[in-house]
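First up is the structure itself, then whatever we jot down about it.
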There are 2 protein chains.
Amino acid sequence: MNKPVATSTLPRLDESLLSHLPPFSKLDKRQIRTILDQATSRRYDKGVAIFDEGAPAERFYMLLDGYVRVVRVTATGEQVTALHIPAGQLLGIARAIGKEFYPATAMTATESLALSWPMTLWDSFAADYDGFATESYKTVGNRVSEMNNRIVEMATQQVEQRVANALLRLINQTGRKVADGIEIDFPITRQDLSELTATTLHTVSRLLSAWEKQGMVQSKRKRIKVCDPHALVVLSQI
Amino acid sequence: MNKPVATSTLPRLDESLLSHLPPFSKLDKRQIRTILDQATSRRYDKGVAIFDEGAPAERFYMLLDGYVRVVRVTATGEQVTALHIPAGQLLGIARAIGKEFYPATAMTATESLALSWPMTLWDSFAADYDGFATESYKTVGNRVSEMNNRIVEMATQQVEQRVANALLRLINQTGRKVADGIEIDFPITRQDLSELTATTLHTVSRLLSAWEKQGMVQSKRKRIKVCDPHALVVLSQI
DNA sequence: TGCGTTCTTTGCGGCAGCGCAAAGTTTGCT
DNA sequence: AGCAAACTTTGCGCTGCCGCAAAGAACGCA
């Protein structure tokens with residue numbers, strides 16, 4: 001779990017970075033300027049931790065580019081991915097749920113770019129900026145819903161259905177239209193998918209092979225393209 | 001899913017009902033009086049829904065007595081219990097996570113008593129009463145943590161360990177010391193336990209039988225007593 | 001007290017998916 | 001180009017757990 005090397009406050013962040021994102025979309029230029037001037041911008045390599053589970057929640061983040069996996073590690077060292085977070089969302093908002101320590105590790109799934117602020121600014125943002133608190137709580141709400149869904153899924157569905165669901169969620173969140181299908185637009189391994197669906201990389205590999213034979217997906221190393229989303233939906237709803 | 005019959009505002013609610021509960025503990029007598037005067041008190045039979053998944057989130061609740069299961073029902077009618085909520089906690093606080101509809105069904109596990117307020121009061125409570133909002137968010141945070149734990153558990157542990165964990169959680173939350181062990185102080189069936197741990201009542205029954213033979217638990221109809229919690233801890237951590 | 005309902009126990013067969021193993025493929029590095 | 005590391009595929013045997021079934025035990029009600 002190697003930390004990123006350099007912290008850099010870019011000379012001048014453009015206001016358009018934030019102005020269209022929900023937690024900030026109600027603010028005027030001057031407010032956004034202020035917020036940006038307080039922010040630290042940092043680039044992260046792929047596969048590094050933005051913050052670690054259990055560490056003091058000293059900063060909160062806005063993911064500007066890339067994808068982040070929210071991961072928990074078990075006593076025996078296995079990783080379980082709780083969520084995928086796409087660009088444009090807040091991250092590490094422990095303060096919004098009254099936590100002083102990060103409850104999970106945030107790991108970049110691709111090279112990523114994020115702004116961050118000291119957690120001490122959280123309360124002033126919430127107080128000063130209209131809609132900021134509300135939108136943050138909505139973010140929490142969405143994640144709660146997603147976790148809820150995953151619990152139900154894992155409790156009631158078979159591996160094949162869970163993997164189908166995970167793929168569908170991924171192409172919904174982060175899908176990119178290509179020639180003959182929708183591709184997950186970041187590198188994702190069989191291992192990653194297995195950690196998302198509580199199975200093994202072997203089983204995922206077998207499933208993808210089978211689906212490929214049926215023309216539902218196409219995959220190569222770290223790339224998965226869904227050709228027939230509808231077939232997956234059908235599969236997932238058995 | 002039969003609804004409770006009678007709504008009754010009791011003649012005079014005692015302030016001590018709320019004064020020691022975290023979301024209200026920082027308030028003075030006059031404030032609590034005001035809050036109580038706005039509250040509706042209602043008794044619920046065992047096994048009824050306090051509110052239903054998907055319904056407009058029109059009220060929020062404080063569970064004064066009893067136990068509530070937070071349940072989601074799948075397309076095929078199976079029930080999955082996401083959480084158990086003991087007395088003394090807020091319930092149905094959809095507003096705290098920016099939701100307009102209840103994300104799950106709250107079902108009483110025992111006869112219960114709850115106060116409730118119209119959701120329109122949520123914002124004024126948050127604005128007027130010191131600590132109310134913060135404590136509510138902490139409640140959300142704790143539930144997020146618990147859900148997270150359940151996801152990890154279901155992803156990595158075997159049935160035996162999950163059931164052991166569920167029992168331990170139940171005796172921690174709602175355990176009552178008795179002669180030679182700790183008893184879960186509300187009626188819980190094998191079926192209930194299986195819905196908590198994503199398995200079948202048969203498997204739960206078999207496990208309890210086996211554990212009883214080893215002297216770790218004692219159980220009768222709807223009652224489970226843990227005699228050797230430590231042994232369960234050991235089991236759950238394999 | 002007797003009867004229906006709800007809950008629990010136990011046996012048995014089957015199979016989904018895991019664990020292990022080994023070989024094949026792609027990528028990055030020097 | 002050549003090698004190591006990372007990722008993927010596939011086969012095979014095993015087993016934990018489910019599904020089905022059926023009987024037994026406890027409770028609630030008339």
Side-chain angles (χ1 to χ4, degrees), chain A residues 2 45-48 74 76-80 109-111 153-167 184 186-214 217-225 235-236 238, chain B residues 45-47 74 76-80 109-111 153-167 184 186-214 217-225 235-236 238:
Chain A
N2 42 340
D45 282 331
K46 182 185 135 176
V48 302
T74 67
T76 58
E78 292 159 285
Q79 292 193 354
V80 180
T110 62
E111 186 181 344
E153 220 180 89
M154 296 193 8
T156 60
Q157 301 192 326
Q158 316 240 87
V159 168
E160 185 171 28
Q161 289 149 50
R162 297 207 301 270
V163 176
N165 267 319
L167 271 187
I184 297 170
F186 62 89
I188 184 168
T189 65
R190 311 290 187 263
Q191 174 77 29
D192 291 336
L193 251 184
S194 74
E195 285 172 6
L196 260 177
T197 49
T199 180
T200 62
L201 77 160
H202 309 280
T203 301
V204 170
S205 177
R206 278 182 256 264
L207 283 173
L208 286 177
S209 297
W211 291 345
E212 185 142 14
K213 268 177 202 144
Q214 295 168 39
V217 305
Q218 280 176 36
S219 66
K220 27 183 185 170
R221 185 177 236 241
K222 296 194 182 187
R223 288 280 155 199
I224 302 175
K225 180 171 64 180
L235 246 189
S236 74
I238 289 175
Chain B
D45 282 332
K46 182 186 135 174
T74 67
T76 58
E78 292 160 286
Q79 293 193 353
V80 180
T110 63
E111 186 181 343
E153 219 180 88
M154 294 186 21
T156 60
Q157 300 192 325
Q158 316 243 87
V159 169
E160 184 170 29
Q161 288 148 50
R162 298 206 300 270
V163 176
N165 267 320
L167 271 187
I184 298 170
F186 64 88
I188 184 167
T189 65
R190 311 289 186 262
Q191 174 78 29
D192 290 337
L193 252 183
S194 75
E195 285 173 5
L196 261 175
T197 48
T199 179
T200 62
L201 76 158
H202 308 282
T203 301
V204 171
S205 178
R206 278 182 255 266
L207 283 174
L208 287 177
S209 297
W211 292 345
E212 186 143 14
K213 270 178 200 144
Q214 294 167 38
V217 305
Q218 281 177 37
S219 66
K220 29 183 184 173
R221 188 175 233 239
K222 296 194 183 186
R223 288 280 154 198
I224 302 176
K225 179 171 64 179
L235 246 187
S236 74
I238 290 177

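Every chain is numbered from 1 and lettered A, B, ... according to where its sequence line falls, protein lines coming before strand lines. No hydrogens, no waters, no symmetry mates; every other heavy atom, side chains included, goes into these values. The model shown is predicted, which means the values in this text are computed figures rather than measured ones.
- With rounding to whole Å, A/Lys222 atom NZ is found 19 Å from C/dT25 atom P.
- The nearest whole Å value for the distance from the CD atom in A/Gln191 to the P atom in D/dT9 is 13 Å.
- Atom P of nucleotide C/dT8 and atom CD1 of B/Ile188 are separated by 10 Å, given to the nearest angstrom.
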Problem - Nucleic acid footprint by protein, nucleotides 17-23 of chain D - heavy-atom cut-off 4.0 Å, B for base, S for sugar-phosphate alone - result: SSBBB--

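- The CG-P distance, from A/Leu207 to D/dT8, rounds to 14 Å in whole Å.
- Side-chain contact between A/Ile224 and A/Leu193 is present, with at least one heavy-atom pair separated by less than 4.5 Å.
- Computed from coordinates, the B/Met154 CE to C/dC18 C1' distance equals 17 Å when rounded to whole Å.
- For B/Arg221 and D/dA25, a side-chain-to-base donor-acceptor distance below 3.5 Å is absent, hydrogens and geometry of angles not being considered.
- The distance between atom CZ of A/Arg223 and atom C1' of D/dA6, rounded to the nearest whole Å, is 16 Å.
- Residues B/Ser219 and B/Arg190 have side chains in contact (heavy-atom distance under 4.5 Å, counting atoms from C-beta outward).
- Using a 4.5 Å cut-off on side-chain heavy atoms (C-beta onward), A/Leu208 and A/Val204 make contact.
- Taking 4.5 Å as the limit, every side-chain heavy atom of B/Phe186 sits out of range of all side-chain heavy atoms of B/Asp192.
- Not a single donor-acceptor pair under 3.5 Å links the side chain of B/Ser205 to the backbone N or O of B/Leu201.
- Across all strands shown, A/Ser205 has heavy atoms under 4.0 Å from base atoms, whether or not it also approaches the sugar-phosphate.
- Here the C1' atom of nucleotide C/dT10 and the CG atom of B/Leu201 are 12 Å apart, to the nearest Å.
- Looking at residues two or more places apart in sequence or on another chain, you find no side-chain hydrogen bond (donor to acceptor under 3.5 Å, both in side chains) involving B/Ser209.
- One atom, CZ of B/Arg190, and another, C1' of C/dT8, lie 6 Å apart when rounded to the nearest Å.
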